[in-house]
Amino acid sequence: MKSPLQAVRGMNDITPEDTPYWQQLESIIRAVLASYGYQEIRFPIVEKTELFKRSIGEVTDIVEKEMYTFEDRNGDSLTLRPEGTAACVRAGIQNGLLHNQLQRLWYMGPMFRHERPQKGRYRQFHQVGVETFGMAGPDLDAELIMMTAKFWQQLGLEGLELQINSLGTKESRAAYRVHLVDFFKQNLDQLDEDSLRRLDGNPLRILDSKKPALAELIAAAPKLSEHLDDESREHFAVLCGLLDGAGIAYVVNPCLVRGLDYYSRTVFEWVTDQLGAQGTVCAGGRFDGLVEQLGGKAVPAAGFAMGLERLLALVRDKLTPANIPHVYLIVAGEKAQSKGLLLAEQLRNALPGLRLMTHCGGGSLKSQFKKADKSAAQIAFILGDNEVENGTVNVKILRGDRGQEQQTLEQAALSEWLKSEIAEF
Ligand code: ATP
Ligand code: MG
């Protein structure tokens, strides 16, 4: 026998045991997004490689070493999306959604990065992303952050720290860059290989390094906040005031620069100390220049993305997914088999939301009870040929205080009885 094939390293199956938790996480997130008036957009998983190079930036981890890039049969260079912002902007421009409009968009789905797989870091992972267009002020930045805080509240997640910073405008960053490069050039011997390479192409990214050996040097580097233009300074001050007013605690982290080139002004991250080096659960900010950079008319924009694997690792214990059947229908005998399928259908029609599993595949009563037990259903219905003739069903409570309680009910009375029995209806 050949050995079975394995999935690609770092790309995981989500098994039926886990999907209910994913579904519940996703539905809580969807409900919050809807409550703020955000609308879903869906775009392809594959885009032209050029799109990511132009938006994310050539001198970034993603473009330098993490993209899944391949030639298709026409010889075009395509890439599995490593993130959603670039494709969302591309789709927004192409569908005429951005110019002269206010848009609040979200998307959800798999992203692909060729990184070293470890806990909280995978090669296929899932993000919920939010992008807004047409709103330049700090009120929108505050709304985005308040909405993320609402996610944590609705998920019962406590203890995340909000870090914020301002990257100023392109111009103020260019002025700051000169000071920063000067500083690093005076300390060349302390830079590692990655940082030396970035010194020319993208020196701000050195601040983003997670290498402990660089921490001290980075802490001593000149701060962007000392070189902000007046408007960015004002924008940041108003944002801080709005967060204060909303009672959202934050830490200003002057070294927070974010990995992607396209950010300007506000950047933020929600971090946890519970996931080791994979501590960022949600990250985002403002990217006012990106739409123009990708060929659209200039439109202010801001957004964030959160990693669902990391989020789920934090909240899984707090979720109570609804995947367990309420009722398992045991059918003993040929007549019962066909009557059972019909009875189950009638009950599902009468009670939307009812989760009723009918036993299929035959087997003794005993083996069917075992299956009922394994399904974790609260209630078993037992239908034998006698019951079919009498128009009744045996009902047995399988779990809880009343476990093992049995009674016989009229088939016609079942849906009323279920309504009184099942709390969620
Ligand atoms: P990190 O610093 O952890 O590499 P990042 O800055 O590359 O994160 P972003 O591009 O900002 O991440 O993506 C937003 C979020 O998506 C991250 O905060 C994280 O929660 C999640 N994420 C990013 N890369 C991965 C990955 N390889 N596996 C799982 N989740 C990820
Ligand atoms: Mg990364």
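Note: hydrogens, waters and symmetry copies are ignored here, and every other heavy atom, side chains too, is used.
Counting heavy atoms from C-beta on, the side chains of F151 and L33 come closer than 4.5 Å. Under the 4.5 Å side-chain criterion, counting only non-hydrogen atoms from C-beta, Q346 is not in contact with Q411. Annotation: side chain of V46 is in contact with side chain of F70 (closest heavy-atom distance under 4.5 Å). A 4.5 Å side-chain heavy-atom check between T85 and Y107 finds at least one atom pair inside the cut-off. Side-chain contact check for Y250 versus L239: every heavy-atom pair is 4.5 Å or farther apart. Contact check for R348 versus E345: side-chain heavy atoms found under the 4.5 Å cut-off. Residues E64 and R198 form a side-chain contact, since some pair of their non-hydrogen atoms from C-beta on lies under 4.5 Å apart. Contact annotation: the side chain of Q103 never approaches that of E131 to less than 4.5 Å [non-hydrogen atoms, C-beta and beyond].
We find the OG1-CH2 distance between T148 and W270 to be 5.0 Å, quoted to the nearest 0.5 Å. Note that OG of S415 and CD of E421 are 13.5 Å apart. Values are rounded to the nearest 0.5 Å. Taking CD of Q163 as the start and CG of L256 as the end, the distance is 6.0 Å to the nearest 0.5 Å. We find the CZ-CZ distance between R116 and R121 to be 9.0 Å, quoted to the nearest 0.5 Å.
The environment of E40 atom CD is dense: over 12 non-hydrogen atoms of other residues, nucleotides or ligands sit within 6.0 angstrom. Residue Q101 qualifies as enclosed at atom CD: its count of foreign heavy atoms under 6.0 Å is above 12. Crowding of Q6 atom CD: a count of heavy atoms from other residues, nucleotides or ligands under 6.0 Å not exceeding 12. K318 NZ: more than 12 foreign heavy atoms inside a 6.0 Å radius. Environment of NZ in K371: sparse, with no more than 12 heavy atoms of neighbouring residues, nucleotides or ligands closer than 6.0 Å. Other residues, nucleotides and ligands contribute over 12 non-hydrogen atoms within 6.0 Å of the CE atom of M108. Counting non-hydrogen atoms of other residues, nucleotides and ligands closer than 6.0 Å to NZ of K53 gives a total of 12 or fewer. Heavy-atom contacts from other residues, nucleotides or ligands closer than 6.0 Å to CG of D230 number 12 or fewer.
Considering only residues two or more places apart in sequence or on other chains, D141 meets the side chain to side chain donor-acceptor pair (under 3.5 Å) condition with H235, T266, R286. For E231, the side chain to side chain donor-acceptor pair (under 3.5 Å) test picks out no residue, with sequence neighbours left out. Under the salt bridge (charged side-chain N to carboxylate O under 4.0 Å, His left out) criterion, E50 pairs with no residue at all, not counting sequence neighbours. For the side chain to side chain donor-acceptor pair (under 3.5 Å) test, residues two or more places apart in sequence or in another chain that qualify with R265 are S232. Contacts of K150 classified as side chain to side chain contact (heavy atoms under 4.5 Å, CB included), with partners at least two apart in sequence or in another chain: V32, Y36, Q153, Q154.
Here the rule is side-chain contact (heavy atoms from CB on, under 4.5 Å) with V257, and of N202, I206, L207, V267 only L207 fits it.
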I'd like to know whether D194 forms a salt bridge (charged side-chain N to carboxylate O under 4.0 Å, His left out) with R205, so could you lay out the CA-CA distance, the side-chain angles of the two residues, the decisive distance to 0.1 Å, and finally the verdict. CA-CA 10 Å; D194 268 350; R205 282 298 316 283; over 6 Å; no
Evaluate the salt bridge (charged side-chain N to carboxylate O under 4.0 Å, His left out) criterion for residues R173 and D229: first the C-alpha distance (whole Å), next the side-chain angles of each, then the deciding distance (0.1 Å), finally the verdict. CA-CA 9 Å; R173 267 205 310 282; D229 54 286; over 6 Å; no
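Aromatic ring orientation, Y176 versus H227: tilted (interplanar angle from 30° to 60°). Relative orientation of the F287 and Y263 rings is perpendicular, given thresholds of 30° and 60° on the angle between their planes.
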Pairs under 3.5 angstrom only: tabulate donor-acceptor contacts from the side chains of residues 303-312 to other protein residues two or more places apart or in another chain.
unit_1	atom_1	unit_2	atom_2	d
E309	OE1	H126	N	2.9
E309	OE2	H126	N	3.3
E309	OE2	H126	ND1	2.8
R310	NE	G120	O	2.7
R310	NH1	T280	O	2.9
R310	NH2	G120	O	3.1

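Under 3.5 Å, the side chains of S264 and T169 contain no donor-acceptor pair of N or O atoms.
Minimum interatomic distance between G10 and Y122 (heavy atoms only, all atoms of both residues): O-CB, 3.4 Å.
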